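Have a look at the structure below, then the notes.
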2 protein chains.
Amino acid sequence: MDTAACAPDRAPVPSAEEIAPVFDTLVVVGPGLIGSSVLRRAKEYGTLARRVIAVDISPEVCARVAELGIADEVTTDAAQAAVVADCVMLCVPVGAMGPVAASVLPAMRPGAILTEVGSTKVSVIEAITPYLRPDVPYVPAHPMAGTEFSGPDAGFATLFEDRWCLLTPLESTPADAVKAVRTLWERCGARLREMAPAHHDRVCAMVSHLPHLLAFTICGTADDLADETRSEVLDFAASGFRDFTRIAASDPIMWRDIFLLNRDALLEMLARFMEDAQAMARAIRWGDEDYIVDRIERGRKIRKSLIENRQA
Amino acid sequence: MDTAACAPDRAPVPSAEEIAPVFDTLVVVGPGLIGSSVLRRAKEYGTLARRVIAVDISPEVCARVAELGIADEVTTDAAQAAVVADCVMLCVPVGAMGPVAASVLPAMRPGAILTEVGSTKVSVIEAITPYLRPDVPYVPAHPMAGTEFSGPDAGFATLFEDRWCLLTPLESTPADAVKAVRTLWERCGARLREMAPAHHDRVCAMVSHLPHLLAFTICGTADDLADETRSEVLDFAASGFRDFTRIAASDPIMWRDIFLLNRDALLEMLARFMEDAQAMARAIRWGDEDYIVDRIERGRKIRKSLIENRQA
């Protein structure tokens, strides 16, 4: 221990140069909002990987990523990129995870890590499992960050700061692979938590998938109203309706896949919600004031908890 | 027409001193979020009324209003205040509008105007109608402004700026009374629109009451989950759930009254929404991708319209 009077009683914080990148070569497949944010973070901070390669099946997306200068190399050939990867991160829609994993896994080097960022975990793990190799550790992850925008232009290097990233490692996932992926996300500024895949899916069904489903639905309900009323719904949206529409602007294909691939947990949470909404409708019809006030009080309590929790 | 070269081709904008107040004495009954914002606007801008009197049944609220210095006089006696009013504005919960109107109307001077700010119009008009006098014009209004906070401390003078205020005059309401109330709200910075009371209630059921009902309900649904999942819902709320909770923090008594007093329109909108949510659930269960994408696309379209409409 350094006993010099003015020295702080702990190790000095290493400078950026002293932090070795987590990986030598990181391959990001699918440079959309999430993938391009990882690329930007890697390029701007230098602590994720020495080299980043972006892969997309679309030549247009590849050209745009090259134009943006957020990757060292860009290619449409996932297998070719996988050959040189120390880590392959799949950032494609959850419905594409299985096929893309099937194409990259045979090309990967022994010891290289496969990870992905799917918003549903049980179904993505099921889709990838048939193609897994014993010598390629697989670390399922879910960075809970996003905006209503999508594509390589939508990303930014600070997207993950103070956001959660959930890891749902399998029993067979080696601890050092989990640690490497954890470190990568920590260096993106994220807060990490580990949980079982099925538990993840229930939590996300409630906090994210059900709210999105309700938001899409109420927009559709409003859109079906007679013309005059619909146009006034748009005029007067600030009264509450608007709060529901931000998340309703999200990418349709991504959400279609999430809904279909987290079907069981989502339908369970929706069924609970519908029972509760019916109970509220009944209380309104029959004037059950105590029931109505009780449900509203719960809403306030939850909001208060969120504020105390610094989540709102 | 002034033909001097440099003179602008229109009347000069009058200075604040030149704008005569709309009313000599304005009485605001219920200095909560809305009422205290009107009081603040009146005191700070001087263009609504020469004198403002605040009325509340609670001596504590009256003491607080006096402390805040946002009214020239404060009293618990609505009838006594009504005697000297040129305009009485009821800013009480919609369920209290009838009884409060019954107490102030007999005291009002002939020609003085009664107005109110209830969020539901058909039921408030029904509640007030039995007490109306032919010599006291009644102008139902609904300033669509609010925050999740309530009480005299929550108000602010700019609350109504660029917000809508809907007027739902009766066939019997004299045009000059409508004009006076319209001018008052315009001087609060609001945008004005007139519509029939029943149409107002349907529009507000969709843009405001249904979103609040859904927000309260989803909070309750989350609160009913098993302890571990519930605590994680709070941790990970940023993923969409949070957007639903802001409006769920609103005042329970106010919302209970709104739900009960706009029962028919709200239950109709909720029924439409439930049908749509059930259809979405069915599409998810059976993997109807086209249906799901169509509903999501509508959400995006509505959001886009809101942005073009500068409502989001």
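Quick note on labels: first sequence line is chain A, next is B, and so on, each numbered from 1. The structure presented is a predicted model; accordingly, all values stated were derived computationally and were not measured.
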Hey, which of A:A248, A:P211, A:A279, A:C219 has the most heavy atom pairs under 4.5 Å with chain B?
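Top count of heavy-atom pairs under 4.5 Å with chain B: A:P211.
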
If you count heavy-atom pairs under 4.5 Å between each of A:F259, A:F244, A:W255 and chain B, which one has the most?
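Among A:F259, A:F244, A:W255, the one with the most close pairs to chain B is A:F244.
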
Given that the side chain runs from C-beta out, which part of [X] has a heavy atom under 4.5 Å from chain B: side chain, backbone, both or neither?
{"X": "A:L214", "answer": "both"}
{"X": "A:I218", "answer": "both"}
{"X": "A:I292", "answer": "side chain"}
{"X": "A:H209", "answer": "neither"}

Distance-minimising heavy-atom pair for B:S250 and A:R300
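In this case the closest contact between B:S250 and A:R300 is O-NH1, 3.0 Å.
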
Over all atoms of both residues, closest heavy-atom pair of A:V293 and B:P252:
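In this case the closest contact between A:V293 and B:P252 is CG1-CB, 4.3 Å.
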
Starting from the C-alpha separation in whole Å, work towards a yes-or-no answer on side-chain contact (heavy atoms from CB on, under 4.5 Å) for B:R202 and A:E232.
CA-CA 10 Å; B:R202 282 174 53 84; A:E232 286 175 340; over 6 Å; no

Say you draw a straight line from [atom1] of [X] to [atom2] of [Y]; how long is it, rounded to the nearest 0.5 Å?
{"X": "A:F216", "Y": "B:R298", "atom1": "CZ", "atom2": "CZ", "value": "13.5 Å"}
{"X": "A:I302", "Y": "B:R242", "atom1": "CD1", "atom2": "CZ", "value": "15.0 Å"}
{"X": "B:D288", "Y": "A:R256", "atom1": "CG", "atom2": "CZ", "value": "11.0 Å"}

Run the side-chain contact (heavy atoms from CB on, under 4.5 Å) check on B:L234 and A:E308 step by step: do they pass?
CA-CA 10 Å; B:L234 296 179; A:E308 284 163 5; over 6 Å; no

So which of [options] has the biggest tally of heavy-atom pairs under 4.5 Å with chain A?
{"options": "B:R263, B:Q278, B:E275", "value": "B:R263"}
{"options": "B:E297, B:R272, B:M144, B:R285", "value": "B:R285"}
{"options": "B:T229, B:D251, B:L267", "value": "B:L267"}
{"options": "B:G299, B:G287, B:A215", "value": "B:G299"}
{"options": "B:A271, B:A145, B:C204, B:S208", "value": "B:S208"}

Please classify the contact of [X] with chain A as side chain, backbone, both or neither, using a heavy-atom distance under 4.5 Å.
{"X": "B:S119", "value": "neither"}
{"X": "B:M274", "value": "both"}
{"X": "B:R193", "value": "side chain"}

Taking the six-membered ring for Trp, are A:W164 and B:F236 parallel (under 30°), tilted (30 to 60°) or perpendicular (over 60°)?
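Rings of A:W164 and B:F236: perpendicular, as their planes differ by over 60°.
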
Are any of the side-chain heavy atoms of B:L213 and A:I284 separated by less than 4.5 Å?
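Result yes, sub-4.5 Å side-chain heavy-atom pair found.
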
Determine whether the side chains of A:R303 and B:T245 contain a donor N or O and an acceptor N or O closer than 3.5 Å.
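B:T245 and A:R303 do have a side-chain donor-acceptor pair below 3.5 Å.
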
Ignoring hydrogens and angles, state whether a donor on the side chain of B:T217 or A:D276 is under 3.5 Å from an acceptor on the partner side chain.
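A:D276 and B:T217 do not have a side-chain donor-acceptor pair below 3.5 Å.
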
Stepwise side-chain contact (heavy atoms from CB on, under 4.5 Å) check, A:M206 with B:F241
CA-CA 8 Å; A:M206 190 68 218; B:F241 184 77; 4.3 Å; yes

Decide yes or no on salt bridge (charged side-chain N to carboxylate O under 4.0 Å, His left out) for A:D224 and B:R295, but give the supporting numbers first.
CA-CA 11 Å; A:D224 285 337; B:R295 298 311 280 195; 3.5 Å; yes

Show, in sequence, the C-alpha distance, side-chain angles and deciding distance for A:T221 and B:M269, and conclude whether the side-chain contact (heavy atoms from CB on, under 4.5 Å) test is met.
CA-CA 8 Å; A:T221 306; B:M269 294 303 170; 5.8 Å; no

Kindly check if the number of other-residue, nucleotide or ligand heavy atoms within 6.0 Å of CD1 (B:I57) is above 12?
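Counting neighbours around CD1 of B:I57, 12 or fewer heavy atoms of other residues, nucleotides or ligands fall under 6.0 Å, so no.
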
Using a strict cut-off of less than 4.0 Å between a Lys/Arg side-chain nitrogen and an Asp/Glu carboxylate oxygen, indicate whether A:K301 and B:D223 qualify as a salt bridge.
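The answer is yes: the pair qualifies as a salt bridge.
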
